[in-house]
Peer 1: 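First the structure, then my questions, so here it is.
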Amino acid sequence: MKGHRIGYVRVSSVEQNTVRQLDGLQLDKVFIDKCSGKDTNRPQLSLMLEFMRDGDVMYVHSMDRLARNLDDLRKLVDKITNKNITLVFVKENLIFTKDERNPLSKLMLSVMGAFAEFERSLIKERQLEGIAIAKKEGKYLGRSKCLTDEQFAEMRQLVADRYKKTDIAKKFGISRDTLYRYLRQHKKSEISAVLGYTS
C-alpha cells in the first residue's frame, strides 16, 4: 500500500498565510502549527509524528519551518527517517530517508550535527565571555538575592532616611537595579491596596 503524502506548516501568527508554504503540492493531510519557531509546544507536530506510518512522505516548506535550531532539526530528521518516513524540504530541495545507501543524506545529517555542536559552543563561549567581562567591571552578581521581610523593611527605612542607593544595595548584596525593582514592586502593591480599599 502506498504511503500518505503529509504536509507540515508552521506560521508564527494567525494572520500569516498557511497555504502558500506548500502551494501546488497534492497532499493527503496537512498539519498546521501557529506558534513561534522558539516555541517548544508544537501540538500539531506531535500529532503528525504519531499519525505518520512506514512509507509516508512528509513535506515541509523549509528547514526553519520544522525546527527551532540546528540541534532540534537534526534530532527531528533522525526521528522521522528512523520511522522509515521520507522527509522533503521543498525550498532547499533536500530529501532525507532512512536509506543508508544514500551518501548525501548521511553527509547532510553529519554536517547538521557538526554545526549544531558549533552553535552550542559559540553560545556557551559568548555567555562565559559576557560573565567574565561583567565580573571584571564589578557588574556580575549572579542570580538576584531574595530579601527577607525584615531586610526589605530595613532597606525601605534606609531609603526613607536618604542613604545613597549604591550604599544600600551594597549593604544587602544586591545590585542597584534589583534595589529599584524591589521599590517599584512595593509601590505597585501599595497602589493596588489603596485601589482595592477605595473601590
Side-chain angles (χ1 to χ4, degrees), residues 1-131 134 142-144 146 181 185 188 192:
M1 182 179 173
K2 193 176 179 181
H4 292 94
R5 291 165 60 90
I6 301 164
Y8 176 71
V9 172
R10 181 187 63 76
V11 290
S12 58
S13 69
V14 292
E15 290 81 17
Q16 287 183 278
N17 193 321
T18 60
V19 178
R20 296 176 70 180
Q21 284 190 24
L22 297 174
D23 193 24
L25 291 176
Q26 294 297 316
L27 302 169
D28 298 308
K29 192 172 181 65
V30 177
F31 292 83
I32 301 171
D33 270 322
K34 295 179 180 178
C35 60
S36 163
K38 293 180 180 179
D39 196 344
T40 56
N41 182 27
R42 291 174 283 175
Q44 289 298 305
L45 177 59
S46 298
L47 280 174
M48 183 190 67
L49 293 173
E50 289 178 14
F51 175 83
M52 289 189 301
R53 296 291 181 268
D54 188 319
D56 287 347
V57 182
M58 174 183 165
Y59 292 87
V60 187
H61 174 66
S62 60
M63 289 181 171
D64 67 306
R65 297 296 92 191
L66 179 64
R68 296 171 293 128
N69 51 50
L70 280 169
D71 196 37
D72 189 33
L73 178 63
R74 184 178 58 82
K75 288 175 182 175
L76 280 169
V77 170
D78 274 335
K79 186 173 184 178
I80 291 164
T81 55
N82 282 337
K83 294 177 72 173
N84 202 28
I85 294 161
T86 300
L87 175 58
V88 180
F89 292 107
V90 179
K91 184 180 177 181
E92 292 87 357
N93 194 27
L94 285 172
I95 301 172
F96 291 93
T97 66
K98 192 180 179 182
D99 189 355
E100 292 296 329
R101 294 169 298 176
N102 188 334
L104 180 60
S105 293
K106 289 177 70 178
L107 175 62
M108 285 300 298
L109 281 175
S110 297
V111 169
M112 283 195 298
F115 271 110
E117 184 61 37
F118 176 63
E119 184 180 51
R120 284 194 299 270
S121 297
L122 282 179
I123 290 170
K124 187 175 181 180
E125 184 180 348
R126 284 195 294 267
Q127 287 173 338
L128 291 173
E129 285 176 351
I131 290 170
R143 185 173 290 182
S144 295
C146 186
R181 188 168 69 248
Q185 288 171 349
K188 284 180 183 176
S192 298

Peer 1: Taking all non-hydrogen atoms of both residues into account, name the closest pair between Ile80 and Met58 and its distance.
Peer 2: CD1-SD, 3.6 Å
Peer 1: Students often mix this up, so state it plainly: with edges at 30° and 60°, are the rings of His4 and Phe51 parallel, tilted or perpendicular?
Peer 2: tilted
Peer 1: Check whether any side-chain heavy atom of Lys75 lies under 4.5 Å from a side-chain heavy atom of Asp78, and answer yes or no.
Peer 2: no
Peer 1: Might you point out which heavy atoms bring Met48 and Tyr8 nearest each other, and give the distance in Å?
Peer 2: SD-CB, 3.6 Å
Peer 1: Salt bridge check: are Arg42 and Asp72 linked by an N-O gap of less than 4.0 Å?
Peer 2: yes
Peer 1: Just wondering, more than 12 heavy atoms not from Lys79 lying within 6.0 Å of its NZ?
Peer 2: no
Peer 1: Quick check with a 6.0 Å cut-off and a 45 degree axis cone: is Lys91 positioned over the face of Phe89's six-membered ring?
Peer 2: no
Peer 1: Using only heavy-atom distances, determine whether the side chains of Arg5 and Tyr59 contain a donor-acceptor pair under 3.5 Å.
Peer 2: yes
Peer 1: Check Glu92 against Met63 and note the closest heavy-atom contact, atom names and distance.
Peer 2: OE2-N, 3.1 Å
Peer 1: Give the C-alpha distance, both sets of side-chain angles, the deciding distance and a yes or no for side-chain contact (heavy atoms from CB on, under 4.5 Å) between Lys83 and Asp56.
Peer 2: CA-CA 9 Å; Lys83 294 177 72 173; Asp56 287 347; over 6 Å; no
Peer 1: Are any side-chain N or O atoms of Arg10 and backbone N or O atoms of Val60, one a donor and one an acceptor, separated by less than 3.5 Å?
Peer 2: no
Peer 1: Check Val90 against Leu22 and note the closest heavy-atom contact, atom names and distance.
Peer 2: CG2-CD2, 4.2 Å
Peer 1: So if I apply the side-chain contact (heavy atoms from CB on, under 4.5 Å) rule between Leu87 and each of Ile95, Leu76, Leu66, which one comes out positive?
Peer 2: Leu66
Peer 1: Could you check whether atom CG of Asn82 has more than 12 heavy atoms from other residues, nucleotides or ligands sitting under 6.0 Å from it?
Peer 2: yes
